[in-house]
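Just below is one structure, and these are the notes that go with it.
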Amino acid sequence: MKQLKYEHAINFSRWSRISYKYLWICLTAIFLTELSIFFVKLFITGFSQHELPIINYLQIYVIRPTIINILVLCAASVLIEYFIKKANPTMQSLVLLIATLTICINLVFVHYVVCTIYAVFCIPILISLLYIDKKPLLFATVSSLLSYLHFCFFILPLKPEAARADQGFMEIISMVALMSVLFILARIVLACLSYLVDHIISKSIQVKQDSLTKLLNHASFYEQLTLFIQNHHQKNEGFSLIIWDIDNFKYLNDQFGHVIGDYALLCFVHALMNCIDKDDQAFRYGGEEFTILTHRNAAETEHLARQIRAEFEERSLDLSLPVTLTVSAGICEFDSDSFLGTHEFFAAADKALYQAKQSPGKNTYFVWHAGVDV
């Protein structure tokens with residue numbers, strides 16, 4: 001399977017953990033049910049002459065399937081945690097569905113004489129809905145259907161004649177029809193869930209976006225900055241921050257009006273977006289101030305700053321203003337030995353911007369270093 005549709009918007013790792021934890025609860029319930037049936041037969045109804053000896057019954061119907069289920073779910077739990085660390089929700093869903101299907105096959109293999117037991121093949125289809133994507137649903141439906149048909153045509157014929165009668169032609173047709181209808185209903189549910197998720201994501205983006213520039217806003221900046229710092233501590237990922245300020249912006253607004261000021265802001269945004277790559281994140285911090293979070297080191301970030309400044313100057317000529325628009329920038333690379341958290345780090349980059357704005361003519365950048373007070 002390819003990437004899940006919403007894996008960048010939804011924390012599927014949390015749902016994967018919740019799912020396999022509930023599977024453990026289900027396994028416990030199955031075990032207690034099997035044990036209860038055994039004790040009812042042992043102390044109340046008794047074992048008939050046609051049934052297995054007590055020890056064999058306990059081994060076949062209680063001990064062996066329980067051990068298999070536990071081993072399957074233990075392996076699934078380890079693999080899911082591995083793929084959570086790898087940030088791979090697609091493989092998490094695949095492991096969970098395969099584990100669920102294996103447990104269902106184990107149940108059917110043990111209790112094939114119970115005609116209603118075959119309905120457990122519908123469970124993987126229902127679980128696939130957690131991932132709000134048609135690919136897990138299709139995988140779950142096809143694998144469940146094939147497993148059921150394989151059991152009916154290749155496993156059941158090896159069983160006693162009396163057991164095969166429970167899954168005759170009409171029963172097989174009915175079960176296939178049930179799973180097909182369940183698949184269609186699941187697609188309808190998926191369509192509704194997709195619409196709701198798209199709507200929520202759209203509203204969330206609107207809340208996090210600046211209405212004029214369509215960049216992420218002040219609040220989003222601090223969310224991402226916190227995340228960058230966490231990744232630095234956990235994965236040793238280096239990153240840098242650039243704070244931008246359009247020079248003499250108040251004068252521009254006062255002299256030429258806010259419409260021209262908005263054009264200047266959009267002109268800078270276009271220059272900025274033309275220079276950064278997909279791994280960089282840009283924000284409108286407020287007013288004429290912008291920020292960029294990038295995984296580049298200080299030297300690479302300096303090069304990026306020069307590119308953006310040159311691009312902005314060139315684009316600003318199209319506004320035909322009597323003044324040349326320029327920007328100043330403060331640059332700071334994160335160092336866990338120098339900064340305790342977000343506020344100290346931002347203060348350092350802001351101090352670097354202040355130094356750049358104090359330069360004659362502005363239109364420059366300054367890189368924070370340990371000799372500059374925060």
Side-chain angles (χ1 to χ4, degrees), residues 1-27 69 71-105 121-147 182-183 185-205 207-208 216 220 223-237 239 277-281 293 295:
M1 288 189 291
K2 298 180 181 178
Q3 288 187 338
L4 298 179
K5 183 177 180 181
Y6 297 109
E7 69 176 54
H8 298 298
I10 299 176
N11 183 11
F12 285 120
S13 298
R14 179 173 178 268
W15 292 113
S16 295
R17 284 195 176 106
I18 290 174
S19 298
Y20 77 67
K21 286 177 182 177
Y22 273 102
L23 279 179
W24 278 112
I25 295 175
C26 291
L27 288 192
N69 288 340
L71 291 176
V72 168
L73 202 47
C74 281
S77 302
V78 171
L79 286 172
I80 287 173
E81 288 298 329
Y82 171 78
F83 287 117
I84 286 175
K85 291 180 180 178
K86 293 293 184 180
N88 191 336
T90 303
M91 290 304 299
Q92 295 169 35
S93 67
L94 194 61
V95 170
L96 182 66
L97 292 176
I98 291 174
T100 305
L101 182 61
T102 304
I103 292 170
C104 292
I105 292 172
F121 282 117
C122 296
I123 294 175
I125 300 175
L126 297 175
I127 289 180
S128 68
L129 292 174
L130 292 172
Y131 294 95
I132 319 178
D133 193 305
K134 62 182 180 181
K135 294 186 288 294
L137 172 61
L138 185 60
F139 172 81
T141 304
V142 172
S143 57
S144 295
L145 187 58
L146 291 177
S147 298
L182 184 60
F183 172 74
L185 293 176
R187 285 297 303 270
I188 296 172
V189 172
L190 272 188
C192 295
L193 289 175
S194 295
Y195 173 79
L196 290 174
V197 173
D198 287 336
H199 181 72
I200 292 170
I201 291 173
S202 176
K203 291 297 182 183
S204 177
I205 290 174
V207 170
K208 293 183 177 183
L216 294 172
S220 301
E223 288 178 6
Q224 291 302 309
L225 178 56
T226 301
L227 184 61
F228 268 63
I229 293 176
Q230 288 175 353
N231 288 338
H232 175 84
H233 291 308
Q234 295 172 3
K235 305 176 183 178
N236 200 31
E237 293 181 354
F239 72 96
D277 59 34
K278 61 182 179 63
D279 294 324
D280 300 325
Q281 296 191 30
L293 288 171
H295 285 293

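Counting heavy atoms from C-beta outward, Asp280 and Leu293 have side chains that stay 4.5 Å or more apart. No side-chain heavy atom of Tyr131 sits under 4.5 Å from any side-chain heavy atom of Leu97. Considering only heavy atoms from C-beta on, Ser143 stays 4.5 Å or farther from Pro124 through its side chain. When side chains are defined from C-beta on, Leu227 counts as touching Gln230, because their heavy atoms get closer than 4.5 Å. In this structure the side chain of Leu4 reaches within 4.5 angstrom of the side chain of Pro136, judged on heavy atoms. Between Phe121 and Leu101 the shortest side-chain heavy-atom distance falls below 4.5 Å.
Distance check: Ile123 CD1 to Cys104 SG gives 4.5 Å after rounding to the nearest 0.5 Å. To the nearest 0.5 angstrom, His295 atom NE2 is 11.5 Å from His232 atom NE2. Here the CD1-CG distance, from Ile18 to Leu23, works out to 12.5 Å after rounding to the nearest 0.5 Å. Interatomic distance, Leu145 CG to Cys122 SG, rounded to the nearest 0.5 Å: 10.0 Å. Here the OG-CD1 distance, from Ser19 to Ile127, works out to 6.5 Å after rounding to the nearest 0.5 Å. Atoms OG and NZ, on Ser128 and Lys134 in that order, are 13.5 Å from each other to the nearest 0.5 Å.
For the 3.5 Å distance criterion, the side chains of Asp198 and Tyr6 qualify, holding a donor opposite an acceptor. Defined by atom type and a distance below 3.5 Å, a donor-acceptor pair is missing between the side-chain atoms of Tyr20 and Gln92.
Of all the heavy atoms in Ala140 and Ser144, the pair that sits closest is O-OG, 2.8 Å.
Annotation: ring-ring contact (aromatic ring centres under 6.0 Å, His included) contacts of Phe239 (sequence neighbours excluded): Phe228, Phe334, Phe345. Listed by chain and number, the residues in a salt bridge (Lys or Arg N to Asp or Glu O under 4.0 Å) with Lys208 are Glu223 (sequence neighbours excluded). By the side chain to side chain contact (heavy atoms under 4.5 Å, CB included) test, Asp279 pairs with Asp277, sequence neighbours left out. Leu126 meets the side chain to side chain contact (heavy atoms under 4.5 Å, CB included) test with Leu182; sequence neighbours excluded. For Leu27, the side chain to side chain contact (heavy atoms under 4.5 Å, CB included) partners two or more places apart in sequence, or in a different chain, are Trp24, Ile30, Asn69, Leu73, Ile103.
In terms of modelled atom types and a separation under 3.5 Å, the side chain of Thr141 and the main chain of Leu138 share no donor-acceptor contact. Proximity of a side-chain donor or acceptor of Asp133 to a complementary backbone N or O of Lys5 within less than 3.5 Å is detected.
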Report, one line per pair, each donor and acceptor closer than 3.5 Å where one atom sits in a side chain of residues 186-193; sequence neighbours left out.
none

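Within 6.0 Å of atom NE2 in His199, 12 or fewer heavy atoms from other residues, nucleotides or ligands are found, so the atom counts as exposed in its surroundings.
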